[in-house]
S.K.: 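I have a structure I would like to understand better, so I am pasting it below and will then ask my questions one at a time.
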Amino acid sequence: MNPRVRFAPSPTGQLHLGGARTALSNFLFAKNQGGQFLVRIEDTDLERSKQEHTDQICDSLSWLGLNWDDELVYQSSRTDVYQESLALLLDSGKAYRCFASKKELEKVREETGSYQYTGIWRNRSNSEIEKELGKGTAFTIRLRTPDTDNTRFKDIIYGEISVSNSEIDDFIVARSNGSPVYNFTNVVDDHGMGITHVIRGDDHISNTPKQLLIYQALGWDIPEFAHLPMILGQDKKRLSKRHGATGVQTYRDEGYQPDALLNYLALLGWNPGTEEEILTLEDLVKKFDLSQVQKKGAVFDQKKLNWISGQHLSMQDNRDILSQARAINSEWGMTKPDDFCLAVAELIKPRSKSLVDLMGQSGYFFHDPSGFDERDVRKTWKHDTPEIIESVISILDSISGEKAAELETSFKDYMEANNLGFAKVMKPVRLALCGNVNGPSLFEIMSLLGKETTLSRLRMALNNF
RNA sequence: GGCCCGUUCGUCUAGUGGUUAGGACUCCAGGUUUUCAUCCUGGCAACAGGAGUUCGAUUCUCCUACGGGCUACCA
């Protein structure tokens, strides 16, 4: 049987890293097993659910390359199905109406000092129920849960988990306004969608026994479960807005790309069993194994993400880099031909952590430097520098070619002949050309910039300093 | 409070009843480089604590501590 899994976000915000990791695990498992990956929008909380969030989540998933099979399933469109199942439970006596008001329940809680429902309406006579129904009293529907034995399941990641049924009270499956609650819709939909493996965050471990009881009450087959550990912030608490950037969208805007982000996320709590760390989505699909996932939460480490991102970027095709960079900033490099931009990408990518980083480092290729740092100027522009720059200008003037290797030869000849150190010459040249004192090979830069621009910037520096 | 779960370098992790407890990121040092980054080499750094089982436990069991999650007419 081919597995069917689902990612079930609630559209109350953009897709965050934790959600992305859950989606990724589902995707990897499905594709690894030749199964299907579905997406269900859990929008039963009308207050907080917004279509724009759904759109944003789907955008993020698509951008990541986590494409889902079949149509999106919206819980809000399945109210009939829930009502049917609810009726089934009521008819079979597996669930019952509870007419206790919130106030009443609060009082009981205070008296017993426990949150557990005491079963006030568990065993009422038909006439009592009819009477309340006749009065039009609002009621919730509660599952009639067993008092004895344990409810247990074997989690693919955590192994055997068991909870005493005495710990589980007759919990609500439908609110007094008739709407079903999460634990219920979740089960009904997973069953209805033919989900074989429920892969979700471990914050749902405690919900699972309740859901198991619902499956049993409805007489349905129980899927397998795999609970993924949480992604944590530096403080070891579950990653949240408090920790800063947590949205996939933000990472996209900052120039991180899908393969890098996915690679890092996959490595949070899992490893391929080898010492390889740089993996494409395709690699991940091939190697992913749920049962090897770590049980403990993993702290999100921006530094390692940066490293992984840099590794991916270094290996990335320049054309791809150019188009991805323009997806972030459509203006980038538009003043120059594409070939020029590709050469820039080639030069800058090994020293970049993200596309934004790459674009930020490449400014001087596209426009003359401005706003020279006072300290850099003081440190590199000495009293005899103008003389050197004059010589450099005349050398460049006399050379016909613009190849980096030729330039290098000419410079070296000049420096040797005049007994000048490399730094003595190159540092001010770099300052004049780039506006700062570090970057890739100057010969490559001069070659790319071309003689005209190079000379004009050198002359400009001569006038300015 | 109750219940469930977890605990190997700062972080992500590998690993075994007997290992010099391995790798990666970060950090530090050296090398390469005109510079910075990359890259290469080297270094710092961990089995939460206590019992028990055992000839021997980081590894198995229990307890404690710490951390996390759930405990809603949220999802």
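Reminder, nothing fancy here: chain letters follow the sequence lines and each chain counts from 1. Owing to the predicted nature of the structure, the values given are computational and were not obtained by experimental measurement.
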S.K.: Could you pull out all residues at least two apart from A/Arg152 that satisfy side chain to side chain contact (heavy atoms under 4.5 Å, CB included)?
M.R.: A/Asn150, A/Glu160, A/Ser162
S.K.: For residues 423-434 of chain A, pull every pair meeting side-chain hydrogen bond (donor to acceptor under 3.5 Å, both in side chains), keeping only residues two or more places apart or in separate chains.
M.R.: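 Listed by first then second residue: A/Asp384-A/Lys424.
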S.K.: Across nucleotides 5-17 of chain B, 5' to 3', mark each nucleotide with B, S or - according to how protein heavy atoms within less than 4.0 Å reach it.
M.R.: SSSS--SSSS---
S.K.: For A/Asp170, enumerate each residue passing the salt bridge (Lys or Arg N to Asp or Glu O under 4.0 Å) test, keeping only those at least two apart in sequence or located in another chain.
M.R.: A/Arg122
S.K.: Could you run down the sub-3.5 Å N/O contacts of the protein with nucleotides 30-32 of chain B?
M.R.:
none

S.K.: What residues in residues 406-429 of chain A put a non-hydrogen atom under 4.0 Å from any atom of RNA chain B?
M.R.: A/Phe422, A/Ala423, A/Met426
S.K.: Listed in order of residue number, which residues of residues 14-25 of chain A have a non-hydrogen atom at under 4.0 Å from RNA chain B?
M.R.: none
S.K.: Salt bridge (charged side-chain N to carboxylate O under 4.0 Å, His left out): which pairs involve residues 256-281 of chain A, sequence neighbours left out?
M.R.: A/Glu276-A/Lys287, A/Glu277-A/Lys304
S.K.: Tell me every residue that passes side chain to side chain contact (heavy atoms under 4.5 Å, CB included) with A/Pro386, counting only those two or more places apart in sequence or in another chain.
M.R.: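 A/Pro386: side chain to side chain contact (heavy atoms under 4.5 Å, CB included) contacts with A/Trp381, A/Leu462.
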S.K.: Suppose we screen for side chain to side chain contact (heavy atoms under 4.5 Å, CB included). Which residues come up paired with A/Ala23, at least two apart in sequence or across chains?
M.R.: A/Phe7, A/Phe37, A/Leu61, A/Leu66
S.K.: Considering only nitrogen or oxygen atoms on both sides, find all protein atoms under 3.5 Å from nucleotides 63-65 of chain B and state each distance.
M.R.:
none

S.K.: Got a list of protein N/O to nucleotides 71-75 of chain B N/O distances below 3.5 Å?
M.R.:
{"residue": "B/C73", "atom": "O2", "partner": "A/Ser176", "partner atom": "N", "Å": "2.8"}
{"residue": "B/C73", "atom": "O2", "partner": "A/Ser176", "partner atom": "OG", "Å": "2.8"}
{"residue": "B/C73", "atom": "N3", "partner": "A/Ser176", "partner atom": "OG", "Å": "2.9"}
{"residue": "B/C74", "atom": "OP2", "partner": "A/Arg175", "partner atom": "NE", "Å": "2.1"}
{"residue": "B/C74", "atom": "OP2", "partner": "A/Arg175", "partner atom": "NH2", "Å": "3.1"}
{"residue": "B/C74", "atom": "O3'", "partner": "A/Arg175", "partner atom": "NH2", "Å": "3.0"}
{"residue": "B/C74", "atom": "O2'", "partner": "A/Asp45", "partner atom": "OD2", "Å": "2.8"}
{"residue": "B/C74", "atom": "O2'", "partner": "A/Arg48", "partner atom": "NH2", "Å": "3.4"}
{"residue": "B/A75", "atom": "OP1", "partner": "A/Thr44", "partner atom": "OG1", "Å": "3.0"}
{"residue": "B/A75", "atom": "OP1", "partner": "A/Arg175", "partner atom": "NH2", "Å": "2.4"}
{"residue": "B/A75", "atom": "OP2", "partner": "A/Arg175", "partner atom": "NH2", "Å": "2.8"}
{"residue": "B/A75", "atom": "OP2", "partner": "A/Tyr182", "partner atom": "N", "Å": "3.0"}
{"residue": "B/A75", "atom": "O3'", "partner": "A/Glu42", "partner atom": "O", "Å": "3.4"}
{"residue": "B/A75", "atom": "O3'", "partner": "A/Glu42", "partner atom": "OE1", "Å": "3.3"}
{"residue": "B/A75", "atom": "O2'", "partner": "A/Ser10", "partner atom": "OG", "Å": "3.1"}
{"residue": "B/A75", "atom": "N6", "partner": "A/Asn207", "partner atom": "OD1", "Å": "3.3"}
{"residue": "B/A75", "atom": "N6", "partner": "A/Asn207", "partner atom": "ND2", "Å": "3.2"}
{"residue": "B/A75", "atom": "N1", "partner": "A/Asn207", "partner atom": "ND2", "Å": "3.4"}

